[in-house]
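Input: a single structure, listed below in C-alpha cells.
Along the sequence shown, residues are numbered consecutively beginning with 1. Read the numbers this way: they start at 1 and go in the same order the structure lists the ligands and their atoms. Side-chain atoms are counted along with the backbone in the values below, which use heavy atoms only and exclude waters and symmetry mates.
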Amino acid sequence: MELKDHIREVPDFPKPGINFYDITTLLKHPQALSTCLDRFAALFEDLAVDKVVGIESRGFLFGPHLACNLDAGFVPVRKPGKLPADTRHATYDLEYGTDQLEIHRDAIAPGERVLIVDDVIATGGTAEATCQLVASGGGTVVGVGFVIELTFLSGRDRLSAYDTRALITY
Ligand code: AMP
C-alpha cells in the first residue's frame with residue numbers, strides 16, 4: 001500500500017505559503033491506518049525503549065500504539081498549562097516569538113530510554129526542544145521518530161545528535 005496516496009496536501013494552511021500534510025485522510029481509512037501503525041512500529045523494533053514521548057497534539061495519535069508495540073509506557077509532552085502536576089518546561093523559537101513545551105517531572109526516571117514521536121518533522125524545532133526536555137530530566141533519547149519528514153526543510157540537521165527515523169519522506 002502506498003501511504004502517500006492517503007495523505008492530503010492542503011496548500012496555504014494554516015497560512016499562505018505553507019503546504020500542510022494532513023493525516024486525517026490516512027487516519028479515517030481502516031487499511032491505511034493499520035498499515036501505517038504497523039510500519040511505524042516496525043521502524044523502531046530494534047530499539048530497547050522504556051518510554052515513548054508523544055508531542056502535542058498529533059504525536060498523541062501515534063505514540064500510544066507504538067508504546068504498546070515496544071512494551072514501553074507513553075508520556076505526553078504538552079503545551080503550557082495543560083499538565084496538572086509538577087512540570088519542567090523547555091522554551092523554543094518560532095518564526096515569530098517563542099513557545100514552550102512541558103512534561104511532568106515524574107514522567108521519566110533518570111536513565112530511562114526514550115523514543116520521541118510526532119506526526120511531521122518540518123524545521124525540527126519542536127522535536128529539538130522535546131529532546132532537551134527529556135535529557136534535562138535525566139532521560140536518554142535513543143531515537144526520534146516521525147510519520148512524515150519534510151526533507152526540504154532539513155529539520156533532521158537539528159537532530160543530528162539523535163537517531164532520527166521517518167516512515168514517509170517528501
Ligand atoms: P517543526 O518544529 O517546524 O518541525 O514543526 C513541527 C510541528 O508542526 C509538528 O508538530 C507538525 O505537526 C507541525 N507541522 C509543521 N509543518 C507542517 C506541515 N507542513 N504539515 C503538517 N504539519 C506541520
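Under the side-chain contact (heavy atoms from CB on, under 4.5 Å) test applied with Leu133, the options Thr87, Ile103, Ile55 reduce to a single match, Ile103.
Using a 4.5 Å cut-off on side-chain heavy atoms (C-beta onward), Arg78 and Phe60 make contact.
Inspection of the Thr169 and Glu149 side chains reveals no N or O donor paired with an N or O acceptor under 3.5 Å.
Closest approach of Ala129 and Ala90 over heavy atoms only: O-CB, 3.7 Å.
Ranking the protein heavy atoms by distance from atom 20 (N) of ligand 1 puts Tyr21 N, 3.0 Å first. In this structure, atom 17 (C) of ligand 1 lies nearest to the protein heavy atom Val120 CG1, 4.1 Å.
Residue Ala122 holds the heavy atom nearest to atom 16 (N) of ligand 1 of all those in Ser57, Ala127, Ala122.
Applying the 4.0 Å criterion to heavy atoms of Leu150 picks out, from ligand 1, the atoms 19 (N). Near Asn19, with a cut-off below 4.0 Å to any heavy atom, the atoms of ligand 1 are 18 (C), 19 (N). Taking a cut-off of under 4.0 Å to the non-hydrogen atoms of Asp118, the atoms of ligand 1 that pass are 9 (C), 10 (O). For ligand 1 and Arg58, the ligand atoms under 4.0 Å from any heavy atom of the residue are 11 (C), 12 (O), 13 (C), 22 (N). Near Thr123, meaning under 4.0 Å from any of its heavy atoms, are these atoms of ligand 1: 1 (P), 2 (O), 3 (O), 4 (O).
Linking ILVMFWY residues whenever their side-chain heavy atoms come closer than 4.5 Å, directly or via other members, places Leu37 and Met1 in the same cluster.
In Lys4, the NZ atom is crowded: over 12 heavy atoms of neighbouring residues, nucleotides or ligands sit closer than 6.0 Å. Within 6.0 Å of atom CD in Gln31, 12 or fewer heavy atoms from other residues, nucleotides or ligands are found, so the atom counts as exposed in its surroundings.
Ring pair Phe40/Phe62 is perpendicular by interplanar angle, where above 60° counts as perpendicular and below 30° as parallel. Between Tyr21 and Tyr170, the ring planes lie tilted relative to each other; the angle falls in the 30° to 60° range.
Taking only nitrogen or oxygen atoms, main chain and side chain alike, Phe20 does not reach within less than 3.5 Å of ligand 1. Ligand 1 has a nitrogen or oxygen under 3.5 angstrom from a nitrogen or oxygen of Thr126. Between Gly124 and ligand 1, an N or O atom pair is found at a separation short of 3.5 Å.
Not a single heavy atom of Gly155 sits closer than 4.0 Å to an atom of ligand 1.
When non-hydrogen atoms are compared, ligand 1 lies under 4.0 Å from the side chain of Asp119 (C-beta onward) but not from its backbone.
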